[in-house]
Amino acid sequence: MGKIKIATDWLAGCAGCHMSLLDIDERIVKLLEAVEFTSSPVTDLKHPPEEGVTVGILEGAISNTHNIEVARQMRERCQFLIAIGDCATFGGIVATRNLVGTQAALQRAYLESETTVDGCIPDSPELGVPLETVTGVDKVVHVDLFIPGCPPSADALFYALSELLAGRVPVVLPPELFRYD
Ligand code: SF4
């Protein structure tokens, strides 16, 4: 049997969940005997291959239209989608923007902060259009497994991937693997 293909990507997040994935440390060597990471923000290939992958992993919240496009492409190209981290699960820290509204948050961050000089709100098409409400990934695409935490522990991520490789769906992770700090 060939290697299981995995693709990862990030949406509106801080990259901390991907850092936790790398924190699997030397166990990643054992993992790589069974899986191939085809694309990720830290590899040359940035988008999941057109022929698809078995497992897709998304970090980060849905905050703008670009995030929606990335999430939909990952969903279309993977058989099993995992949302990792609080941001991907329910919006997390990014969703605190919802408390004040998008325009007020952008204005405060880019125009009114104490260190801003000649500020401007970024509006490049590459960034997508900010949404009025930040959400988790499942508000846009179907998610097969959530691994909450900020970030989820490397042990939780390794456990979930190991279970999938063993042909089991890790519906409920062992409670000791959850981290809420
Ligand atoms: S869940 Fe935490 S670590 Fe992961 S992207 Fe969001 S803020 Fe960063």
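Residues: numbered from 1 along the sequence shown. In each ligand, atom 1 is the first atom listed, and ligand 1 is the first ligand listed.
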Between L161 and the options I4, I6, I28, V35, the side-chain contact (heavy atoms from CB on, under 4.5 Å) test singles out I6
Sub-4.0 Å atoms of ligand 1 with respect to non-hydrogen atoms of E59:
5 (S)
By number and element, which atoms of ligand 1 are closer than 4.0 Å to a non-hydrogen atom of C17?
1 (S), 3 (S), 4 (Fe), 5 (S)
Assess C150: does it contribute an N, O or S atom lying under 2.8 Å from atom 4 (Fe) of ligand 1?
no
Within a strict 4.5 Å, meaning less than it, do heavy atoms of the L157 and S20 side chains meet?
yes
Report yes or no: does N98 contribute a side-chain atom to a donor-acceptor pair with the main-chain N or O of T133 at less than 3.5 Å?
no
Are there over 12 heavy-atom neighbours, none belonging to E50, within less than 6.0 Å of that residue's CD?
no
Is the closest heavy-atom distance from G149 to ligand 1 below 4.0 Å?
yes
Under 4.0 Å from any heavy atom of P151, which atoms of ligand 1 are there?
3 (S)
Begin from the C-alpha positions of I68 and I62 and carry the test side-chain contact (heavy atoms from CB on, under 4.5 Å) through to its verdict.
CA-CA 6 Å; I68 295 175; I62 300 292; 3.7 Å; yes
Answer yes if the side chains of R97 and S63 hold a donor-acceptor pair under 3.5 Å, and no otherwise.
yes
Check each atom of ligand 1 against the heavy atoms of I93 and keep those under 4.0 Å away; list them by number with element.
7 (S)
Please determine if atom 6 (Fe) of ligand 1 has an N/O/S atom from C14 lying under 2.8 Å away.
no
Run the numbers for me: atoms of ligand 1, each under 4.0 Å from some heavy atom of D86, listed by number.
1 (S)
Give a yes-or-no answer on whether the side chains of H18 and T8 include a donor-acceptor pair shorter than 3.5 Å.
yes
Identify the closest protein heavy atom to atom 6 (Fe) of ligand 1: which residue and atom is it, and at what distance?
C87 SG, 2.3 Å
